[in-house]
Amino acid sequence: MLPFDKTLIIIPTYNEIDNIERMITTLFELHKGVNLLIIEDGSPDGTADVVKKFQEVYPTQLHMIQRTGKLGLGTAYVTGFKWALEREYQFIFEMDCDFSHDPAQVPDLLEAAQTNDLVIGSRYIDGIRIINWPFRRLLLSYLASIYTRFITNIPVFDTTGGFKCFSRKALESLDLENIISKGYIFQLELNYKVWAKGLKVKEVPIIFYERRDGQSKMAGGIIFEALYSVLRLRVHRILGKL
């Protein structure tokens, strides 16, 4: 039996009024005992109000941290990690609110986390497992993963995926005050640092769905951040600064 009562799923939100109610109800219906932490960045669309309504239904399982302004994906997860480590959670998930990550696949990652320190839901093992992405975006993402593996030597095929599960041990090994990246490359940085410490990293296949409702938060310039950040991580490891 999987330890859902020791598991926390962290979901950052900004303008997720189209998805938040369905995500909360789906997770709690599928996985009895699981805990959910929403990191809400001041959405003007009323996302926080929906969460507060459901906190009355799930007072011990549904939590929310409200922040003022859109402060970034990386800082949202760091805030959530610190919150989790102050409590007794043993398995901590990252997950998107837009259903690009299938809530039904949470047990696949949690099961693998029983014997690994970081489990990554991978779009690029057992074939390319992405639904409804335009070819240009798919090619860019896949080539970025190849470039990252070449520069860093990390044995991970999906280096920037955002559906993952950390053991408590993995998060405790990280210096959360010294995370360089703020945007989507945050995912790569955490993967790299956990792997560089000699902890066990495993990929499990997932199906990634393009966002069904709402608008994508992906902004331009990410590819340039990726090129620079990958080189910087490699140099920091060589210099012993990780």
Side-chain angles (χ1 to χ4, degrees), residues 1-12 27 30-37 73-74 76-78 80-96 100-130 141 144-146 148-176 178-179 181 184-208 230 233-234 237 242:
M1 186 173 180
L2 293 174
F4 286 110
D5 59 326
K6 298 179 181 179
T7 300
L8 178 71
I9 299 174
I10 302 172
I11 298 182
L27 283 171
L30 287 176
H31 312 304
K32 304 302 182 185
V34 77
N35 300 273
L36 178 58
L37 173 63
L73 184 73
Y77 278 126
V78 168
F81 294 157
K82 291 177 178 178
W83 190 91
L85 292 176
E86 290 170 356
R87 291 156 179 83
E88 298 300 318
Y89 298 108
Q90 300 301 311
F91 305 97
I92 298 93
F93 274 77
E94 294 183 11
M95 190 172 176
D96 289 346
S100 55
H101 304 144
D102 187 349
Q105 292 201 269
V106 166
D108 299 335
L109 276 67
L110 185 56
E111 182 175 2
Q114 305 310 299
T115 54
N116 294 278
D117 299 300
L118 169 58
V119 179
I120 300 168
S122 179
R123 301 165 290 182
Y124 299 130
I125 58 172
D126 294 347
I128 296 176
R129 307 167 65 85
I130 297 176
S141 174
S145 289
I146 293 174
T148 299
R149 292 199 307 274
F150 176 75
I151 296 296
T152 65
N153 292 321
I154 187 172
V156 171
F157 284 89
D158 192 347
T159 55
T160 60
F163 188 19
K164 59 183 66 173
C165 179
F166 295 87
S167 70
R168 184 179 187 89
K169 175 183 176 182
L171 287 185
E172 288 177 335
S173 75
L174 297 173
D175 180 1
L176 295 177
N178 191 33
I179 302 297
S181 307
Y184 284 83
I185 306 307
F186 170 84
Q187 305 293 3
L188 162 62
E189 180 175 350
L190 292 192
N191 296 345
Y192 187 72
K193 288 183 172 180
V194 170
W195 170 74
K197 291 179 181 296
L199 299 179
K200 295 178 68 175
V201 179
K202 180 180 176 62
E203 290 180 274
V204 299
I206 63 165
I207 296 177
F208 179 90
V230 169
L233 285 171
R234 178 65 171 169
R237 188 183 187 199
L242 286 182

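All values below come from the heavy atoms of this structure, side chains included, with hydrogens, waters and symmetry mates left out.
One finds a salt bridge joining Arg123 and Asp158 here, because a Lys/Arg side-chain nitrogen approaches an Asp/Glu carboxylate oxygen to under 4.0 Å. Salt-bridge check for Glu86 with Lys82: failed, with every basic side-chain N at 4.0 Å or more from each acidic carboxylate O.
Side chains of Gln187 and Lys164: a donor on one and an acceptor on the other come within 3.5 Å.
Judged by distance alone, with hydrogens and angles left aside, the side-chain atoms of Lys202 form no donor-acceptor pair with the main-chain N or O of Ile120 at under 3.5 Å. Side-chain atoms of Asn116 do not come within 3.5 Å of backbone N or O of Val201 as any donor-acceptor pair. A donor-acceptor pair is defined here as one N or O able to donate and one able to accept, closer than 3.5 Å; such a pair exists between the side chain of Glu203 and the backbone of Phe157. Within the 3.5 Å criterion, the main-chain N or O of Ile11 finds no donor-acceptor partner in the side chain of Glu94. Side chain of Gln105 to main chain of His101: no donor-acceptor pair is present (N/O by atom type, distance under 3.5 Å, no hydrogens or angles). Within the 3.5 Å criterion, the main-chain N or O of Lys200 finds a donor-acceptor partner in the side chain of Asp117. One N or O on the side chain of Asp102 and one on the backbone of Ala104 form a donor-acceptor pair closer than 3.5 Å. Here the side chain of Asn35 pairs a donor or acceptor atom with the backbone of Thr7 at under 3.5 angstrom.
Of the listed residues (Val194, Val78, Leu85), just one forms a side-chain contact (heavy atoms from CB on, under 4.5 Å) with Leu171, and that residue is Leu85.
For the pair Lys193 and Glu189, the tightest heavy-atom approach, listed with the atom from each and the gap, is NZ-OE2, 2.7 Å. Closest approach of Ala113 and Phe91 over heavy atoms only: O-CE2, 3.5 Å. The two residues Thr148 and Thr152 make their nearest non-hydrogen contact at O-OG1, 2.7 Å. Nearest heavy-atom pair, Thr159 versus Arg149, reported as atom, atom and distance to 0.1 Å: CG2-CG, 4.5 Å. Pairing each heavy atom of Ala84 with each of Leu8, the nearest pair is CB-CD2, 3.6 Å. Nearest heavy-atom pair, Tyr89 versus Ile92, reported as atom, atom and distance to 0.1 Å: O-CD1, 4.1 Å.
Using a 30° and 60° split on the angle between ring planes, Phe163 and Phe93 fall in the tilted class, from 30° to 60°. Ring planes of Phe81 and Tyr77: parallel class, angle under 30° (limits at 30 and 60°).
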Quick one, Val119 with Val204, criterion side-chain contact (heavy atoms from CB on, under 4.5 Å). Give me CA distance, side-chain angles, the key distance, then yes/no.
CA-CA 7 Å; Val119 179; Val204 299; 3.9 Å; yes
Residue pair Leu199, Trp195: steps toward the side-chain contact (heavy atoms from CB on, under 4.5 Å) verdict
CA-CA 6 Å; Leu199 299 179; Trp195 170 74; over 6 Å; no
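More than 12 heavy atoms of other residues, nucleotides or ligands lie within 6.0 Å of CD in Gln114, so this atom counts as buried by the packing criterion.
Using a 4.5 Å heavy-atom cutoff, the side chains of His31 and Pro107 are in contact. With a 4.5 Å cut-off on side-chain heavy atoms, Val34 and Ile9 count as touching.
Of the inter-residue distances, the one linking Thr160 atom OG1 with Asn191 atom CG reads 8.5 Å to the nearest 0.5 angstrom. Note: Ser100 OG to Ile207 CD1 = 13.0 Å, rounded to the nearest 0.5 Å. If you take CG on Leu188 and CD1 on Ile154, they are separated by 6.5 Å, rounding to the nearest 0.5 Å.
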